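Worksheet: the structure to be examined is printed underneath.
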Amino acid sequence: MGKLYVIMGKSAVGKDSLFCSLIDRISMLKTVVPYTTRPIRTGEVEGKEYHFVTEGELEMMRQQDRIVECRRYDTVHGPWYYFTADDGQMDFSGEVQYAIISTLDGFEKMCAFYGREHVVPVYIEVEDFLRLERALEREKRQPNPCAAELCRRFVADEEDFSEERLRIAGVKERILNHDFEEALKKIEELICRG
């Protein structure tokens with residue numbers, strides 16, 4: 001039976017890097033590409049990290065009842081939406097395993113939509129000061145670095161991934177990403193044991 005592994009964690013814990021390495025190393029793992037209305041970042045590719053769409057395209061999918069989950073972030077640049085669409089990327093009837101990067105809220109909504117038996121949480125953690133250093137370095141590489149947005153994300157993560165919310169969602173296992181190869185190995189083991 002196929003499963004969807006939801007890679008999640010606060011910003012700058014290394015989700016994207018771990019995700020890309022998992023896809024390269026586990027041949028049975030297919031990516032599920034989420035959607036966003038935010039502008040594409042330096043180094044991102046349409047259809048790889050996200051499908052970059054307009055708010056109008058999001059609304060059209062909403063009217064067609066194709067939205068699995070959707071989150072709105074009120075950024076210093078205006079509202080940005082991140083969402084998963086029921087667009088035919090997954091089929092749980094076979095042995096194919098899927099992976100997506102999302103949030104705790106997204107994980108809960110995917111469980112409600114697809115069934116908890118198909119959705120597995122993969123929660124990544126990093127010590128806060130290291131996470132802040134990583135976020136600062138990433139933001140500096142953007143065409144228009146914005147410290148206010150970096151700070152907004154950092155503070156919002158404290159509420160979005162609070163211990164209480166993690167407990168309620170049933171997220172027990174955590175992967176510490178201070179050593180990239182060790183974190184990658186633990187996630188590979190989780191996926192391979194199914």
Side-chain angles (χ1 to χ4, degrees), residues 1-11 13 15-24 26-124 149 152-153 156-157 159-162 165-166 168-171 187 190-191 194:
M1 169 175 66
K3 292 190 186 292
L4 172 61
Y5 292 88
V6 181
I7 312 294
M8 60 185 152
K10 297 174 181 176
S11 60
V13 295
K15 298 181 297 285
D16 293 327
S17 298
L18 287 166
F19 184 80
C20 290
S21 291
L22 286 168
I23 299 306
D24 288 343
I26 303 176
S27 61
M28 68 177 189
L29 195 61
K30 289 182 67 175
T31 62
V32 176
V33 181
Y35 294 74
T36 185
T37 62
R38 76 156 165 77
I40 193 167
R41 289 182 183 151
T42 303
E44 290 181 325
V45 176
E46 160 59 35
K48 184 176 179 195
E49 292 85 5
Y50 293 98
H51 291 295
F52 296 91
V53 297
T54 65
E55 284 186 42
E57 290 169 301
L58 165 60
E59 190 53 39
M60 186 171 35
M61 285 189 232
R62 224 184 232 131
Q63 291 171 8
Q64 297 167 344
D65 290 325
R66 294 177 51 211
I67 303 300
V68 174
E69 57 84 27
C70 182
R71 297 149 337 263
R72 174 184 166 143
Y73 296 98
D74 292 315
T75 75
V76 297
H77 306 290
W80 289 346
Y81 294 89
Y82 292 79
F83 62 99
T84 307
D86 185 19
D87 59 1
Q89 291 186 64
M90 290 182 283
D91 175 7
F92 295 119
S93 64
E95 294 300 314
V96 177
Q97 306 299 311
Y98 301 93
I100 190 171
I101 297 173
S102 191
T103 63
L104 186 58
D105 185 53
F107 163 73
E108 292 173 312
K109 288 176 180 171
M110 287 179 215
C111 287
F113 191 88
Y114 296 116
R116 182 70 162 111
E117 70 276 12
H118 293 294
V119 185
V120 179
V122 181
Y123 184 68
I124 312 298
E149 177 56 20
R152 184 209 60 81
R153 283 194 312 265
D157 279 344
E159 182 179 326
D160 293 345
F161 291 99
S162 71
R165 290 206 61 215
L166 289 167
I168 290 168
V171 176
I187 299 169
L190 173 70
I191 292 171

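All values derive from a computational prediction rather than experimental measurement.
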Would you say the side-chain atoms of [X] pair up with the backbone N or O of [Y], donor to acceptor, closer than 3.5 Å?
X: E149; Y: T75; value: no
X: K15; Y: G9; value: yes
X: E69; Y: T84; value: yes
X: R165; Y: D160; value: yes
X: Q97; Y: K30; value: no
X: Q63; Y: M60; value: no
X: R116; Y: V119; value: yes

- Item | Matching residue for Y82 among F52, Y35, Y50 - test: ring-ring contact (aromatic ring centres under 6.0 Å, His included) |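 The ring-ring contact (aromatic ring centres under 6.0 Å, His included) with Y82 is passed solely by Y50 among F52, Y35, Y50.
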
- Give the minimum heavy-atom separation between E117 and Y114, together with the two atoms involved.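 E117 and Y114 have their closest heavy atoms at OE2-O, 4.3 Å.
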
- Query: So which heavy atom on G106 is nearest to which on R71, and how close?
  - Reply: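 Closest pair (atom of G106, atom of R71, distance): N-CD, 4.2 Å.
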
- Message: Quick check for you: to the nearest 0.5 Å, what is the distance between Q89 atom CD and T31 atom OG1?
- Response: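 Answer for the CD-OG1 pair, Q89 versus T31, is 7.0 Å.
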
- Around atom CD of E159, are there more than 12 heavy atoms of other residues, nucleotides or ligands at under 6.0 Å?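 Not buried by this count: 12 neighbours or fewer within 6.0 Å.
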
- Item | All pairs passing salt bridge (Lys or Arg N to Asp or Glu O under 4.0 Å) where residues 40-51 contributes a residue, at least two apart |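 Of all non-adjacent pairs touching residues 40-51, those that pass salt bridge (Lys or Arg N to Asp or Glu O under 4.0 Å) are R38-E44.
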
- Task: Test side-chain contact (heavy atoms from CB on, under 4.5 Å) on I67 and Y81 and set out the steps.
- Result: CA-CA 12 Å; I67 303 300; Y81 294 89; over 6 Å; no

- Task: May I ask you to decide whether D157 forms a salt bridge with R153, counting only side-chain N to carboxylate O separations under 4.0 Å?
- Result: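 Salt bridge flag = no for R153 with D157.
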
- Message: Under 3.5 Å, is there a donor on one side chain and an acceptor on the other for D91 and S93?
- Response: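 Judged by distance alone, the side chains do pair up.
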
- Item | Sequence-distant partners of Y5, ring-ring contact (aromatic ring centres under 6.0 Å, His included), two or more places apart |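 Checked Y5 against ring-ring contact (aromatic ring centres under 6.0 Å, His included); zero matches.
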
